[in-house]
Amino acid sequence: MSPRCGVRRARATAVRPGTRLARLPATVLVTHRAAAHEAARRSLWIRVLLYIAVTHLVLVFLALVIYLGRHAGT
């Protein structure tokens with residue numbers, strides 16, 4: 001006879017996506033919120049650096065077009 005014979009297992013019930021967060025401890029929610037805030041701040045920095053890089057590339061392209069346009073006839 002198997003040792004688990006007659007032992008009832010806890011069945012997994014369907015949980016709505018929003019209710020699972022409500023059962024997490026407060027510390028997990030706080031650290032999750034801090035991690036989300038840190039990721040948002042990091043993505044903001046990435047967005048700013050990407051904006052600066054694209055702006056520089058556009059300015060270099062325009063300067064190159066103007067330079068080549070002025071010296072095209074010579």
Please identify each residue that fulfils salt bridge (charged side-chain N to carboxylate O under 4.0 Å, His left out) with Arg41, with sequence neighbours left out.
-> Glu38

Report the distance from atom CG of Leu50 to atom OG1 of Thr55, rounding to the nearest 0.5 Å.
-> 9.0 Å

If you measure from CG on Leu49 to CH2 on Trp45, what distance do you get to the nearest 0.5 Å?
-> 7.0 Å

